[in-house]
Amino acid sequence: MELTLYNSLTKSKQVFQPIDPADVRMYVCGPTVYDFAHIGNARPIIVFDVLYRLLRHVYGVPHVKYVRNITDVDDKINARAKEEGVSISDVTERTTRQFHEDISALGVLPPDVEPTCTSHIPQMVEMIEVLIAKGHAYEADGHVLFNTPSMKDYGELSRRSLDEMVAGARVEVATYKKDPTDFVLWKPSDDETPGWESPWGRGRPGWHIECSAMAREHLGEVFDIHGGGIDLQFPHHENEIAQSRCAHDTKVMANVWMHNGFLQVEGRKMSKSAGNFITINELLQKWPGEVLRFNMLRTQYRQPIDWTEKSVQESWDVLESWYGQSSPAEAGPALTGEVLEALADDMNTPRVIAALHQMEPAERASNIAALGFAGDLGDPRIGSVDDAAVEAAIALRLEAFGNRDFAEADRIRDELTAQGIQLKDSKDPATGERLTSWELKR
RNA sequence: GGCCUCGUGGGAGAGUGGUUAUCCAUCGGAUUGCAAAUCCGCGUACACCAGUUCGAUUCUGGUCGAGGCCUCCA
């Protein structure tokens with residue numbers, strides 16, 4: 001089948017043609033592990049999980065390789081460790097564990113490889129040496145810098161010329177740079193900062209070289225898809241491209257570059273200072289993970305998304321209604337019909353959802369199962385409720401019904417309502433007997 | 001200041017040079033002892049101003065508005 005993807009490199013939708021259909025390779029920039037992942041971080045995780053599932057459907061599970069790194073070397077991590085008075089590995093290990101816990105609740109498959117920076121330092125050093133040998137990088141004042149004018153088409157991804165960048169720059173240029181747009185490959189570490197021995201003294205890698213080195217190690221010099229958030233397009237991805245292409249003398253690093261749009265919260269940019277910073281973990285205290293997953297997919301991945309309480313509630317309502325008709329837990333996963341077509345159209349997930357609404361419940365259940373939904377809407381807040389007491393109250397209410405004592409029945413219902421418990425009555429279609437279920441009000 | 005993305009009905013959100021997106025909410029009805037839940041029915045929107053066109057929400061230009069990035073930063 002034909003799969004169309006939007007390529008940031010060409011700014012157009014293109015039919016996806018893998019280099020080798022028996023070995024389709026995708027790299028996605030993973031988290032820097034210094035703090036809880038926020039809901040904005042969850043977007044690429046979920047979006048590219050959907051793509052991973054689609055690729056596996058199209059090319060076969062054994063023929064797709066998905067690499068998503070963990071950035072465990074970063075000055076933010078160093079700052080956090082210092083602030084807390086703990087070791088750097090304390091911070092990175094704890095945060096990595098938390099990250100895995102949080103995203104597994106979102107129904108994402110683990111990537112095939114999840115490399116860490118700390119285990120790829122030799123590969124980074126080697127790549128930097130190659131770049132120096134080829135005249136693309138130089139040592140200055142203990143740093144190694146990539147010389148951007150040494151690459152003819154630097155800036156192709158973000159479509160800016162070096163002149164534009166210099167003209168628009170607001171940042172003071174370090175004096176040791178040959179050119180204002182040169183960027184760091186390696187920087188020196190003092191005794192208190194993590195560092196590794198290198199030909200340029202004890203130091204640590206710059207931000208971009210990690211992804212170039214890890215992608216090369218696990219996917220080769222040229223691979224199919226590289227993904228990440230739109231905020232990474234420049235400078236991170238631009239510089240990855242520069243490093244990898246210049247080190248390998250290749251025309252591209254990856255054939256298709258994909259960027260998910262930004263996330264806002266209640267109509268405003270999410271930031272700690274604005275007080276609207278939401279972590280995945282916090283949301284999971286209140287909502288089932290698959291509601292968050294569904295909510296994320298209601299917007300096409302390239303569009304900006306406005307994350308609101310109201311939209312999450314709507315997502316919950318939709319899933320509850322679907323699961324009530326046919327649960328994905330009991331369905332054989334399968335991508336079919338219009339759902340598959342919409343997915344293959346640059347992952348048009350809103351169109352996918354519209355198609356799901358039109359499907360028969362059984363087929364729908366199969367499709368949502370294949371999209372990573374398990375059918376579990378267990379309310380994470382339910383632990384705070386004494387459900388035996390609730391069941392007992394419901395039994396008393398049904399007894400009151402039996403006696404036609406509506407005043408007593410309503411009194412019990414009002415009491416439960418006051419506790420935030422919503423009753424739902426239905427009839428057994430066979431016997432006509434009254435059945436009562438309950439849930440916590442949102 | 002430079003580069004870029006976006007602006008669809010009450011809300012969310014696809015799409016299209018001329019034809020019902022879809023979902024949620026509202027409203028009306030059925031059902032219910034009363035509610036909730038459930039079921040049925042109802043919505044001709046596409047920021048503004050020009051231009052191209054037989055015809056534009058869909059193409060081009062401009063205006064206004066929202067948002068992102070601008071090299072060590074998350």
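Chain letters run A, B, ... following the sequence lines, proteins first, then strands; residues in each count from 1.
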Peer 1: Pick the P atom in B/A14 and in B/C54, then give their distance to the nearest Å.
Peer 2: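 Straight-line distance between the two P atoms is 33 Å.
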Peer 1: Does the side chain of A/E240 reach to within under 4.5 Å of the side chain of A/H226, using non-hydrogen atoms?
Peer 2: yes
Peer 1: Are A/L5 and A/L51 packed together at the side-chain level, in the sense that at least one heavy-atom pair is separated by less than 4.5 angstrom?
Peer 2: yes
Peer 1: What distance, rounded to whole Å, do you find between the two P atoms, one in B/G65 and one in B/A56?
Peer 2: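 27 Å, rounded to whole Å.
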Peer 1: Between A/H236 and A/Q233, which has a closest nucleotide on RNA chain B that is more 5'?
Peer 2: A/Q233
Peer 1: Tell me the interatomic distance from A/M296, atom CE, to B/C23, atom P, rounded to whole angstroms.
Peer 2: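 Atom CE in A/M296 sits about 23 Å away from atom P in B/C23.
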Peer 1: In whole angstrom, what separates A/D75's CG from B/C72's C1'?
Peer 2: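 So the two atoms are 8 Å apart, to the nearest Å.
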Peer 1: Whole angstrom is fine here: how far is it from CG in A/L157 over to P in B/C69?
Peer 2: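 Result: 15 Å.
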Peer 1: What does nucleotides 32-41 of chain B look like as a protein-contact string, B for base, S for sugar-phosphate only, - for none, at under 4.0 angstrom between heavy atoms?
Peer 2: -BBBBB----
Peer 1: A/N239 has an atom CG; how far is it from atom P of B/U71, in whole Å?
Peer 2: 11 Å
Peer 1: Whole angstrom is fine here: how far is it from CZ in A/R298 over to P in B/U22?
Peer 2: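 So the CZ-P distance, A/R298 to B/U22, works out to 16 Å.
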Peer 1: Taking atom C1' in both B/C4 and B/U57, what distance in whole Å separates the two?
Peer 2: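 So the two C1' atoms sit 23 Å from each other.
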Peer 1: Will you find, in the side chains of A/Y323 and A/E290, an N or O donor that is under 3.5 Å from an N or O acceptor?
Peer 2: yes
Peer 1: With Watson-Crick and G-U wobble geometry limited to distances under 3.5 Å, how should the secondary structure of RNA chain B be encoded in dot-bracket form, using | for bases paired to another strand and [ ] for crossing pairs?
Peer 2: (((((((..(((.....[...)))..((((.......)))).....(((((..]....))))))))))))....
Peer 1: On RNA chain B, does the nearest nucleotide to A/P350 precede the nearest nucleotide to A/I230 from the 5' side, or the other way round? Give the residue.
Peer 2: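 Mapping each residue to its closest nucleotide by heavy atoms, the 5'-most match is A/P350.
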Peer 1: Taking the side chain of A/F234 as its heavy atoms from C-beta onward, which of B/C70, B/G13, B/G67 lies nearest to it?
Peer 2: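 It is B/C70.
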Peer 1: Considering only B/U5, B/C72, B/C69, which nucleotide approaches the side chain of A/L145 most closely?
Peer 2: B/C72
Peer 1: Give A/Q300 one of three labels, base, sugar-phosphate or nothing, depending on what nucleic acid heavy atoms sit under 4.0 Å from its own.
Peer 2: sugar-phosphate
Peer 1: When you compare the side chains of A/D49 and A/Y66, does any donor N or O come within less than 3.5 Å of an acceptor on the partner?
Peer 2: no
Peer 1: If we only count heavy atoms from C-beta on, is the A/E282 to A/F36 side-chain gap below 4.5 Å?
Peer 2: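 In short, these two side chains do not touch, never coming nearer than 4.5 Å.
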Peer 1: Can the ring centroids of A/H357 and A/W322 be said to lie less than 6.0 angstrom from one another?
Peer 2: yes
Peer 1: Let me know the distance between CG of A/D231 and P of B/C3, rounded to the nearest Å.
Peer 2: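 In whole Å, B/C3 P lies 21 Å from A/D231 CG.
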Peer 1: From C-beta outward on A/Q303, which listed nucleotide comes closest to its side chain: B/C72, B/C24, B/A14?
Peer 2: B/A14
Peer 1: On a whole-Å scale, what distance lies between the P atoms belonging to B/G29 and B/A35?
Peer 2: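 Each nucleotide's P atom is 12 Å from the other's.
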Peer 1: Please measure how far the P atom in B/G9 lies from the corresponding atom in B/G51, and state the result in whole Å.
Peer 2: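 So the two P atoms sit 25 Å from each other.
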Peer 1: Look at the side chain of A/F262 and decide which nucleotide, out of B/G11, B/G68, B/U71, has an atom nearest to it.
Peer 2: B/G68
Peer 1: By the 4.0 Å heavy-atom rule, please label A/Y34 as base, sugar-phosphate, or nothing.
Peer 2: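 Result for A/Y34 = sugar-phosphate.
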Peer 1: Using the P atom on both, measure B/C39 against B/C23 and round to a whole Å.
Peer 2: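 Approximately 12 Å lies between the P atom of B/C39 and that of B/C23.
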Peer 1: Could you work out which one of B/C23, B/C4, B/U71 sits closest to the side chain of A/K11?
Peer 2: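 Of the options given, the side chain of A/K11 lies nearest B/C4.
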Peer 1: Classify the nucleic acid contact of A/V184 as base, sugar-phosphate or nothing, counting any heavy atom under 4.0 Å across all strands shown.
Peer 2: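 If one applies the 4.0 Å heavy-atom cut-off, A/V184 turns out to touch a base.
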Peer 1: Which part of the nucleic acid does A/T299 contact within heavy-atom distance under 4.0 Å: base, sugar-phosphate only, or nothing?
Peer 2: sugar-phosphate
Peer 1: Is the number of heavy atoms from other residues, nucleotides or ligands within 6.0 Å of CD (A/E399) greater than 12?
Peer 2: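 It does not: A/E399 CD has 12 such atoms or fewer within range.
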Peer 1: Does any part of the side chain of A/D72, heavy atoms only, come nearer than 4.5 Å to the side chain of A/T96, both counted from C-beta?
Peer 2: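 No. Closest side-chain heavy atoms not under 4.5 Å.
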Peer 1: In this structure, are over 12 heavy atoms from other groups packed under 6.0 Å from A/E126 atom CD?
Peer 2: no
Peer 1: CD of A/Q358 versus P of B/G13: gap in Å, rounded?
Peer 2: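 Between P of B/G13 and CD of A/Q358: 19 Å.
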Peer 1: Are any of the side-chain nitrogens in A/R413 or A/D425 under 4.0 Å away from the carboxylate oxygens of its partner?
Peer 2: no
Peer 1: Which nucleotide sits closest to the side chain of A/N348: B/C70, B/G15, B/G67?
Peer 2: B/G15
Peer 1: Nearest whole angstrom, please: distance from the C1' of B/U22 to the NE2 of A/H357.
Peer 2: 7 Å
Peer 1: Just do the salt bridge (charged side-chain N to carboxylate O under 4.0 Å, His left out) check on A/K177 and A/D182 with the steps written out, would you?
Peer 2: CA-CA 6 Å; A/K177 287 186 178 182; A/D182 290 351; over 6 Å; no
Peer 1: Roughly how far apart, to the nearest Å, are B/A45 and B/C40 at atom C1'?
Peer 2: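 Each nucleotide's C1' atom is 25 Å from the other's.
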